Enquirer: 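Would you mind keeping the following structure in view while I ask a few things?
Below, each value reflects all heavy atoms present in this structure, side chains not excepted, and no hydrogens, waters or symmetry copies. None of these values were measured; they are calculated from a predicted model.
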Amino acid sequence: MADTILDYAGKSQEELLVSVAGLLGKVSASEDLKQAAIVQERLKAIQTLEELMDDPSTVEKAFENHLAKNPWLINPYWNQSPRTQEEVKVVTQEFNRLYQGKDGDYRKTFIDICIYIAEEPYPIIVELKRNALTPYSRVSFNRIKDQVSDYRKAVIQGLPLGSSRPPQKKEIPAYFICPEDTGYAGEEHGIVLEEDEPELLKALNITLLSYRDLVANAKKAYRDHIRVVEEEGGLPYFEA
């Protein structure tokens, strides 16, 4: 049965959910039930993300809310057990003032998602666009770099004054999530980047991901999670 669950090829998400439901019915120990429930919850989160992606009318706020509830879709590290809500805090539409001069003038900035992790010294910025191609979601290298730079400036300006030096901008991690129809020049994509631009962003501590990347990474993380749990004896093997 484990092989059946892990085999995504040729199976719909609905069939996978049925497989997990069957697994839940066979697991008796409370810890195993909790583990199986997590697996089911994550499968549903992946399915919901794909449904949001497939609907061109889905607004940016819907993606923002879903990823805020499931930050592991962006980076599995943020939601690993045994972290608690106190150790991982997710804030949407975080307001920061970006001061533009010594006269005190500022403009408002709203970061889509901020992730606060206990062992990380600075918040993690997550900026996203809706998956459908619109004038607003058509990002470019310079637009990504400039937008993240402004957010980082605002965050640094808002940090409490202390004896330690203020962080460099690139010390504040950032993730930028763009439409799945993003690719390199010379390919058929709605949003085009030069081949070196993702690496240039990475050098600035900006991780560029498409929604297609999120789904692929989440499915890989799910398979690895199941394999590790089974190898450690957390879930029993069942005959198909």
Enquirer: Would you check if Y175 and I124 make a side-chain contact, meaning some heavy-atom pair closer than 4.5 Å?
Expert: yes

Enquirer: Short question: side chain of R42, backbone of A221 - any donor-acceptor pair under 3.5 Å?
Expert: no

Enquirer: Show the numbers, then the answer: is there a side chain to side chain contact (heavy atoms under 4.5 Å, CB included) between D112 and T92?
Expert: CA-CA 5 Å; D112 288 339; T92 60; over 6 Å; no

Enquirer: N205 and R152: which non-hydrogen atoms are nearest, and at how many Å?
Expert: O-NH2, 2.9 Å

Enquirer: Consider only side-chain N and O atoms of Y99 and D105, and report whether a donor and an acceptor are under 3.5 Å apart.
Expert: no

Enquirer: Would you find a donor on one side and an acceptor on the other, under 3.5 Å apart, between the side chain of N70 and the backbone of W72?
Expert: no

Enquirer: I'd like to know whether T182 forms a side chain to side chain contact (heavy atoms under 4.5 Å, CB included) with H189, so could you lay out the CA-CA distance, the side-chain angles of the two residues, the decisive distance to 0.1 Å, and finally the verdict.
Expert: CA-CA 6 Å; T182 301; H189 291 288; 5.9 Å; no

Enquirer: A side-chain contact here means heavy atoms from C-beta on lying under 4.5 Å apart; do F141 and E194 qualify?
Expert: no

Enquirer: Without hydrogens or angle criteria, can the side chains of S149 and D146 be said to hold a donor-acceptor pair below 3.5 Å?
Expert: no

Enquirer: Group every Ile, Leu, Val, Met, Phe, Trp and Tyr by side-chain heavy-atom contacts under 4.5 Å, then state whether V192 and L209 land in the same group.
Expert: no

Enquirer: With rounding to the nearest 0.5 Å, note down the distance linking CD in E199 to CG in L208.
Expert: 10.5 Å

Enquirer: Rounded at 0.5 Å granularity, tell me how far CD1 in I144 sits from SG in C178.
Expert: 6.0 Å

Enquirer: Could you check whether any side-chain heavy atom of Y116 comes within less than 4.5 Å of a side-chain heavy atom of E120, counting everything from C-beta outward?
Expert: no

Enquirer: So do I46 and K219 actually touch side chain to side chain, heavy atoms under 4.5 Å?
Expert: yes

Enquirer: Sub-3.5 Å donor-acceptor pair from the side chain of R97 to the main-chain atoms of R107, do we have one?
Expert: no

Enquirer: So do the side chains of Q100 and Y106 get within less than 4.5 Å of each other, counting heavy atoms only?
Expert: no

Enquirer: With a 4.5 Å heavy-atom cut-off, do Y122 and V155 have their side chains touching?
Expert: no

Enquirer: Of all the heavy-atom pairs spanning I156 and P167, show the shortest one and how long it is.
Expert: CD1-O, 3.4 Å

Enquirer: Indicate whether the side chain of N142 and that of S140 have a donor and an acceptor atom separated by less than 3.5 Å.
Expert: no

Enquirer: Do you know which two heavy atoms are closest between L133 and G190, and how far apart they sit?
Expert: CD1-CA, 3.6 Å

Enquirer: Distance alone, cut at 3.5 Å: any donor-acceptor contact between the side chains of Y151 and E94?
Expert: no

Enquirer: Kindly compute the distance separating OH (Y184) from CD1 (I191), expressed to the nearest 0.5 Å.
Expert: 14.0 Å

Enquirer: Does NZ or CZ of R143 lie under 6.0 Å from the centre of the six-membered ring of Y136, at an angle within 45° of the ring axis?
Expert: yes

Enquirer: If I compare all heavy atoms of I113 with all of A68, which pair ends up nearest, and what's the gap?
Expert: CD1-N, 4.0 Å

Enquirer: What's the separation between atom CD1 in I177 and atom CD in E127, rounded to the nearest 0.5 Å?
Expert: 9.5 Å

Enquirer: Can you find a side-chain donor-acceptor pair between T207 and K202 that sits under 3.5 Å?
Expert: no

Enquirer: To the nearest 0.5 Å, how far apart are CG in N131 and CD in E60?
Expert: 11.5 Å

Enquirer: Quick check: are there more than 12 heavy atoms from other residues, nucleotides or ligands sitting under 6.0 Å from NZ of K61?
Expert: yes

Enquirer: Please find the pair of heavy atoms, one from A154 and one from T109, that lie closest to each other, and give the distance.
Expert: CB-OG1, 3.7 Å

Enquirer: Evaluate R130 against T58 for side chain to side chain contact (heavy atoms under 4.5 Å, CB included), listing each step before the verdict.
Expert: CA-CA 7 Å; R130 63 187 294 184; T58 302; 5.7 Å; no

Enquirer: Would you say the side chain of L204 lies within less than 4.5 Å of the side chain of K145, judging by non-hydrogen atoms?
Expert: yes

Enquirer: Could you pull out the closest heavy-atom pair between I74 and L67, with the gap in Å?
Expert: CD1-CB, 4.1 Å

Enquirer: Is there a continuous path of hydrophobic side-chain contacts, each under 4.5 Å between heavy atoms, that joins V90 to I172?
Expert: no

Enquirer: Using only atom types and a distance under 3.5 Å, with no angle test, would you say the side chain of S137 pairs donor to acceptor with the backbone of K129?
Expert: no

Enquirer: Mark yes or no for whether E171, through its side chain, and Q168, through its backbone, hold a donor-acceptor pair below 3.5 Å.
Expert: yes

Enquirer: Less than 6.0 angstrom separating the ring centers of Y211 and F63, yes or no?
Expert: yes

Enquirer: Applying the 4.5 Å side-chain criterion to the ILVMFWY set and letting contacts propagate, would L128 and L214 be lumped into a single cluster?
Expert: yes

Enquirer: Treat each ILVMFWY residue as a node, draw an edge where side-chain heavy atoms are under 4.5 Å apart, and state whether L200 and F176 are in one component.
Expert: yes

Enquirer: According to a 4.5 Å side-chain heavy-atom criterion applied to Ile, Leu, Val, Met, Phe, Trp and Tyr, with indirect links allowed, do V126 and I206 form part of one hydrophobic cluster?
Expert: no

Enquirer: Answer yes or no: is there a donor N or O on one side and an acceptor on the other, between the side chain of E50 and the main chain of Q47, under 3.5 Å?
Expert: no

